[in-house]
Each structure stands twice: as C-alpha cells, then as structure tokens.
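Shown next, in structure tokens, is the structure this report addresses.
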Amino acid sequence: MATILKEQSRTFSEYLLIPGYSGSDAIPENVSLKTPVVKFKKGEEPELSMNIPLTSAVMQAVSDNNMAVALAKEGGISFIFGSQPIEKQAAMVKKAKSHKAGFVPSDSNLRPDQTLKDIIELKAEKGHSTVSITEDGTPEGKLLGIVTSRDYRVSRMDPETPISEFMTPFDKVIYGKDGITLSEANDIIWDNKINQLPIVDDNQRLKAFVFRKDYDSHKENPNELLDADKRYVVGAGINTRDYKERVPALIKAGVDIMTIDSSEGYSEWQAITLKWIRDNYGDKVKIGAGNVVDGDGFNFLADCGADFIKVGIGGGSICITREQKGIGRGQASAVIDVAQARDEYYKKTGTYIPICSDGGIVHDYHITLALAMGADFVMLGRYFARFDESPSSKLIVNGNYVKEYWGEGSARARNWQRYDLGGDGKMKFEEGVDSYVPYAGTLRDNVGRTLSKVKSTMCNCGVLTIPDLQKNAKLTLVSSVSIVEGGAHDVIPKEISATSTK
C-alpha cells in the first residue's frame, strides 16, 4: 500500500508565533531583511542577495518589465513571465535592465518635422512635459533638440507649427555624455538649475534622461537592488522545453537570475535542463528550480545544481492543481520539511541553498511565518497582481475597482509548458482559474506597509535578522476556535460612513 505520512498537511493559518524577549534595540528601524537568493559555501557571501524577502511570481498577470523595475526599487526581484515568445520576454528583460537607476529611457519622442499638435497629443497620452526630438523620432535616435512646456504656448500658436521652429536646439541644450555617473549628472542639473539632463553618446544619439524630480525618488529608495553597473536586478522564468533557445536570449538581454517555472519540479525534465545550463555556462548563470514539497524533492534539485529551490504545489489562490490531480501539500508543512532538508544538506556539504516559499500567502503575517519556518524569501502572485505596476487591466466590477488575475494553468494563459509531462505540446485540462483581485494602489505603499508588519513581528520575537528569526522563533499550532478568538469577536463593529466626521 502507499506510504502515508503521519503528520497532517498544514497551512500557515494554523500557526502563530510565540513572542520572545525584546531588548531595547528591538525596534523596526534596526531590523535587516537582507536575504540570500543563490547558493553559497560556508564562510562565503552569496553572489546575489535581496534587501527584502519578496519576489513576484512568473505569471502573465503579475511580472513584466514595469513590475521588475518597481520591485527592484524596493529591494526585491521580479521574475518576468516566460509564457510568451522568447523575443518578447527578452525585450522585457532588456527594457528593465536599460532602466538604470536614475537614468530613464526616453518614452516621449518625436521628429522635428512633426507639429505642436503632435506634442499636445503625446503629452496627453504619456503625461510627460519633456519630449526628445530625434532625427527619426526613436528613443535612441540622434538628438536634435528637446521640447518642454516652456517652449510653447498652446493659446498663442498654430497647432500645425513644426516642432523645429520652437524646440530648444541641441546646440543650446545642456547634456551629459554617456558613461557619466548619476552623482555627476545630478551635479550638472543643480549647478545649471535645469529640470532634465539628456545623456548622449559620441554620435549624439540619445541614451537616457536624468530628471531633477527623480533625485528625491532615488534617495527615497535606500533598498533598491542594483547590479555592478547600477542597473536594476531582473529575473525571468524559463521552461523545460525551449530552454536551449530561451536561456541564451535572456542572458544576452542582461537577465541576472532565472528560474525554471514548473508546477512540479521533482522530475528528469528539470535535471536535464539544469545539466544543460551547467554544461554550457558553468556557475556563471544563476538558476532556480522547483516546485517541490518535501526533502526528497529538495535533495534531488540540490544535487542537480539549482541555485535556489521553490517550495509549494497547489497553494496559490488561482491554482486548482490539488482539485484536479489530488497532489500537493499544505504550504506550512512543505516549507518546514524542505527547510529541514536544506539545513541537513548544508551540514553535510557546506553549501547553503536558499528556499523560496511559493504560494499559500493569504495574509501579511503569513510571510513572517514562512520566514520563521525556514524560507529565505517568498514568491507572491495575487499580492502583486493587485497593484498599479502589474500588467493586467484595472476594471470596475460591481462598483469596485479590481484587477484581472489569472493562473498560468488557466485556459486564458494556456501555459502548457509549466505543466509539461512530455508528449504533445498542449493543455489537456486546466490547473488554474481566471479571476479578479481587489485593486490596492501602488506597489511602494503596500510593500512598505507589509514589511512594517514583518519587522514589527520580528521585534516582538526579539530578533533583528531573518537568520535569527529562523533560529530562535517559536511556533504553536492553533485550534479552530483559537483562530476565531484571534479576530474581532463578540462585538458590533462600527461602520464608518463616508459622511461621518470627527
């Protein structure tokens, strides 16, 4: 008969943290959420770490180049979805990597033979007052001039006036040369009392802009995650089918780290993919693998050479794998089991392989629980899908703002590669649903609030780092009635109406 595990399959909501002694230094400002992303040997530092333990899921409705930049500004990594043509995914990676911190690619561009009418229409579309005028109207064309709101008066000019007649020509434009540092660019801006500084190469081709308004923004992002060239760190998902073509394209585009995106990672397909990457690129290319839910799966992928390992099957809010196939494991049980295997592997080999809890996060405090149980970071789909920066559409449904959110195993995504078990290339049944999530605003505001809760809880536990949380946290199981006790109960909540006043 089948092996039956004695331990129940448990979720995060079945656990609570027990407070520990909090010293006077246990304040949120002293908490560090820095965490390793890739494997490293004992006594060494990982080649890639994050400043916050959050990554965004490899999903069409979650992770594109806009999400990648927004999350890197906060200190995390977005894994741009792979269920799209290789060229499109590589273009997203390249676009995110070209967004050097403080150096903004020009997205408002016209030719000098176009008119004031075109300027007005472009401003209405993009919302930007600075327009670069290039020879061919492209973002990296030869810069001939710029137009700002100070260069024209709509009420006093003919809409058909050519841009060449009122733009500030290049010979009167203050600019920086490609290769200039952000500090040097900001010095030029402040010394010359200008609002923007175009950056051009030796052939006068436009490379980027540095804006005065971004100076404060840059200072407000102390956790931003940058590579050695001050570009944002960007991840991407791959599959076990077209990796021989996809991986080289993503590397050429500048990707920092990749992960195999699969619903179940304990397979020969992942072993073959990892071997090909190691044979062709050695350890230079950083690649995660998964998903697994027990120690056997972890050890298999660890021996295959994975840089990090994702944990979780069937726990996503839009995932119906457990319904359809009857496989998976409660996310808390999976993380605890895999973390134990990770620690044993570390003691045996001297190599620490980070684990990522993927799925099962419903409330913010679940993130802290996942970290306490041994996860080095978490991967979130629904959480990030709610924000302005996700690629899905914002709609009004029943009078409320929502954003579309669909699973990679849904009929909409049709990402059969993620669920591939060999054979013909098509989906035979769905493992995800198409849905809505409540719109929540900007990523920055929400991530800040979430991490404030994580830091506060860590202080209550008397720890200031994630490794200390993993080492010292105490967890307790909770009963169904204890869960009820933990929320508001036996009261009549006040309904705050829109017309109420203080």
When S9, S13, S357 are each screened for side chain to side chain donor-acceptor pair (under 3.5 Å) with Q331, the one that passes is S357

Below 3.5 Å, can you tabulate the donor-acceptor pairs from side chains in residues 477-488 to any protein atom, sequence neighbours excluded?
residue: S479; atom: OG; partner: S482; partner atom: N; Å: 3.1

One should read off an interatomic distance between Q340 CD and R342 CZ, to the nearest 0.5 angstrom, of 10.5 Å

Quick one: which residue pairs count as a side chain to side chain donor-acceptor pair (under 3.5 Å) with a foot in residues 457-466, not counting sequence neighbours? T465-D468

Using the salt bridge (charged side-chain N to carboxylate O under 4.0 Å, His left out) criterion, which residues pair with E344? Sequence neighbours excluded. none

Contacts of type side chain to side chain contact (heavy atoms under 4.5 Å, CB included), residue S22, not counting sequence neighbours: A26

Report the residues that fulfil salt bridge (charged side-chain N to carboxylate O under 4.0 Å, His left out) with D283, sequence neighbours left out, ordered by chain and then residue number. R278

Residues at least two apart in sequence or cross-chain that pass salt bridge (charged side-chain N to carboxylate O under 4.0 Å, His left out) with K474, listed by chain then number, are none

According to side chain to side chain donor-acceptor pair (under 3.5 Å), does anything in residues 27-51 pair up with another residue at least two apart or in another chain? List the pairs. E47-K286

Kindly confirm or rule out a cation-pi arrangement of K394 over Y439, judged by NZ or CZ under 6.0 Å from the six-membered ring centre and within 45° of its axis? yes

Could you pull out all residues at least two apart from D337 that satisfy salt bridge (charged side-chain N to carboxylate O under 4.0 Å, His left out)? R329

Got a sec, which residues hit side chain to side chain contact (heavy atoms under 4.5 Å, CB included) with Q470, two or more places apart in sequence or on another chain? Y352, D376, I466

By side chain to side chain contact (heavy atoms under 4.5 Å, CB included) - contacts of T181 (at least two apart): S183, E184

Where at least one partner belongs to residues 445-454, residue pairs that pass side chain to side chain donor-acceptor pair (under 3.5 Å), sequence neighbours excluded: D364-T450, D364-K453, Y383-T450, T442-D445, N446-R449

Taking only residues at least two apart or on different chains, which pairs with a member in residues 7-27 satisfy ring pair (Phe, Tyr, Trp, His ring centres under 6.0 Å)? F12-H366

